[in-house]
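The structure appears below as structure tokens.
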Amino acid sequence: MTTFSTNQTARPASLLARLFAGIVERRAQSQAYRITRRELSALSERELADLGIHRAMIEDIATQAARRA
């Protein structure tokens, strides 16, 4: 006997539901970007160095955090 498993999430059926889901997702991504950028920008050079981060890397890190949200 063969068993198949899928990890697909259910997609909203209506156009309005998909539109709303997209807006919610974008808002979560935007929030993750802003929070990450604000928190990293508030750190001192020494604290960033302890984390292995240069100040020039903050934008890229915030963008990556937004993509994972």
Inset, instruction - State the CD1-CD1 distance between I61 and I53, to the nearest 0.5 angstrom. - result: 4.0 Å
Legend entry - Heavy-atom pair of closest approach, residues A69 and Q29: CB-CA, 4.1 Å
Inset, instruction - Decide yes or no for L48 and I58: does some side-chain heavy atom of the first lie under 4.5 Å from some side-chain heavy atom of the second? - result: yes
Inset, instruction - Any chance you could measure T36, atom OG1, to R68, atom CZ, to the nearest 0.5 Å? - result: 8.0 Å
Legend entry - Approximate separation, where rounding is to 0.5 Å, of E47 CD and E45 CD: 10.0 Å
Inset, instruction - Go through the steps for R26 and I23 under the test side chain to side chain contact (heavy atoms under 4.5 Å, CB included), then give the verdict. - result: CA-CA 5 Å; R26 276 292 213 191; I23 291 169; 5.8 Å; no
Legend entry - R55 atom CZ: more than 12 heavy-atom contacts under 6.0 Å: yes
Legend entry - Polar side-chain atom of T63 near backbone of E59 as donor-acceptor pair, under 3.5 Å: yes
